[in-house]
Amino acid sequence: MTVILRVENVRKTFGGVVANNDVSLDVQAGSITGLIGPNGSGKTTLFNSIVGFHPIDGGEIWFGEKKLSHRLTPEIARMGLLRTFQQTRIFGNMNCVRNMQIATPHANDSFRTMFSRFPKAVTEKAEHLLEFVGLYSKRNLLAGDLSFGQQKLLEFAMALMNEPKMLLLDEPTAGINPTLINGLIDRLRRAREEFGITLFVIEHNMRVIMNLAEQIFCLAYGELLAEGPPEQIQNNQRVIDAYLGAG
């Protein structure tokens, strides 16, 4: 398989705190890969480094054949590498279709586009993706009136508007009603199959990540603790100890 994302000896510090300490990992193109670890293990910091939210202090990150270090987040996004967040980033006072429209590449180059008319093709694409995530019937509702789980589905659909090659998902099931989780898992799998997207997922729900991912990396204390398929990670004593606080 082809490696789409390569992290090589990445180090990130905040003052005297080492958030990522020489982390190295490869993500295969077309895969669903998991990233797990106790709170404070450096997972979100690594995601932020990958998409250019803050510069790394050492190492290198590659997306395909391109180095990401020292590139700005918008440039990385235009390369096809996007991320979602634990807390949704939507426009609550706009309806779902409008949120989708302004998520279109280059739509936010000017504040005026938030209030302009969009081509019919953009609206049709927005409505198609809202149907894909199960929100078509709510397309004219204000995004702020959706449940938290529905807002996460909307944010996922907004990311799909950009036709990413790879999507980093930060705890997609956190705060979601358990009845919506299976539907979300199904849509993540379908997005990989239908749109050819590589998914890299931070997730604390072990049932979800063991079901969803084909390969899992585990961080602890800012370092890579273990890697392997779900069954191997599930039975790794170092991983068990890290979560139980025993080692």
Side-chain angles (χ1 to χ4, degrees), residues 30-34 51 74 77-78 80-203 205 207-209 211-213:
S31 69
I32 300 179
T33 300
V51 298
R78 286 192 292 271
L81 178 55
L82 301 176
R83 69 159 294 180
T84 64
F85 297 83
Q86 295 177 34
Q87 298 299 320
T88 57
R89 297 192 175 187
I90 59 173
F91 296 94
N93 60 344
M94 296 183 182
N95 68 27
C96 293
V97 170
R98 199 57 164 178
N99 270 268
M100 296 289 289
Q101 290 171 327
I102 62 178
T104 305
H106 311 303
N108 57 1
D109 287 349
S110 169
F111 182 76
R112 288 175 299 177
T113 62
M114 296 176 68
F115 303 97
S116 64
R117 295 180 63 85
F118 285 83
K120 182 180 178 182
V122 172
T123 301
E124 289 176 346
K125 180 180 179 181
E127 292 184 339
H128 170 71
L129 288 172
L130 286 172
E131 183 175 18
F132 176 80
V133 299
L135 292 178
Y136 182 78
S137 65
K138 301 184 184 299
R139 63 192 181 281
N140 293 317
L141 290 182
L142 293 180
D145 290 339
L146 300 176
S147 71
F148 184 67
Q150 291 168 338
Q151 289 180 15
K152 284 207 164 186
L153 288 171
L154 175 60
E155 186 181 42
F156 178 48
M158 290 168 67
L160 295 179
M161 283 292 286
N162 289 268
E163 300 180 3
K165 297 175 183 176
M166 183 174 184
L167 187 56
L168 311 185
L169 298 150
D170 197 344
E171 296 194 43
T173 69
I176 291 185
N177 187 311
T179 60
L180 290 177
I181 289 179
N182 287 337
L184 175 60
I185 293 173
D186 177 64
R187 286 176 176 90
L188 293 178
R189 289 193 178 116
R190 284 177 53 202
R192 190 262 297 266
E193 299 302 323
E194 294 186 26
F195 306 124
I197 300 172
T198 302
L199 301 175
F200 194 16
V201 185
I202 292 175
E203 185 55 66
N205 187 320
R207 181 185 67 82
V208 168
I209 201 63
N211 259 334
L212 183 64

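For this chain, numbers begin at 1 and follow the sequence in order.
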Reported [atom1]-to-[atom2] distance for the pair [X] and [Y], which is rounded to 0.5 angstrom:
X      : Y      : atom1 : atom2 : result
Met158 : Phe91  : CE    : CZ    : 6.5 Å
Asn162 : Leu81  : CG    : CG    : 11.5 Å
Arg83  : Met166 : CZ    : CE    : 12.0 Å
Ile32  : Leu167 : CD1   : CG    : 11.0 Å
Glu155 : Leu146 : CD    : CG    : 12.5 Å
Thr33  : Ile209 : OG1   : CD1   : 9.0 Å

> Got a sec, which residues hit salt bridge (charged side-chain N to carboxylate O under 4.0 Å, His left out) with Glu124, two or more places apart in sequence or on another chain?
Replying inline: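 Partners of Glu124 by the salt bridge (charged side-chain N to carboxylate O under 4.0 Å, His left out) criterion, ordered by chain and then number, come out as Lys120.
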Do [X] and [Y] come within less than 4.5 Å of each other through their side chains, counting heavy atoms only?
X      : Y      : value
Gln150 : Leu154 : no
Lys125 : Thr104 : no
Asn177 : Ser147 : no

> With respect to Leu184, which candidate in Leu212, Ile176, Leu169, Val208 satisfies the side chain to side chain contact (heavy atoms under 4.5 Å, CB included) definition?
Replying inline: Ile176
>> Using the rule side chain to side chain contact (heavy atoms under 4.5 Å, CB included), only one of Leu160, Val122, Leu129 pairs with Met100; which is it?
In response: Leu129
> Shortest non-hydrogen contact from Ala213 to Gly34?
Replying inline: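 Taking Ala213 first and Gly34 second, the nearest heavy atoms are CB-N, 3.6 Å.
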> Which atom pair, heavy atoms only, marks the closest approach of Pro164 to Leu82?
Replying inline: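 Minimum heavy-atom contact is CB-CD1, 3.9 Å.
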>> Under a 3.5 Å distance rule, please check whether Asn93 uses its side chain to pair with a backbone N or O of Gly144 as donor and acceptor.
In response: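 No, Asn93 side chain to Gly144 backbone: no donor-acceptor pair under 3.5 Å.
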>> Checking the side chain of Lys152 only, and the main-chain atoms of Ala174 only, is there a donor and an acceptor separated by less than 3.5 Å?
In response: yes
Donor-acceptor contacts, no H, no angles, side chain residues 192-203, under 3.5 Å, sequence neighbours left out:
from   : atom 1 : to     : atom 2 : distance (Å)
Arg192 : NH1    : Gly30  : O      : 2.8
Arg192 : NH1    : Glu214 : OE2    : 2.9
Arg192 : NH2    : Glu214 : OE2    : 2.8
Glu194 : OE2    : Arg190 : NE     : 3.2
Thr198 : OG1    : Gly30  : N      : 2.7
Glu203 : OE1    : Thr173 : N      : 3.4
Glu203 : OE1    : Thr173 : OG1    : 3.0
Glu203 : OE2    : Thr173 : OG1    : 2.8
Glu203 : OE2    : Asn205 : N      : 3.0

Acceptor/donor pairs from residues 132-142 side chains to any protein atom, 3.5 angstrom cut, sequence neighbours excluded:
from   : atom 1 : to     : atom 2 : distance (Å)
Arg139 : NH1    : Tyr136 : O      : 2.9

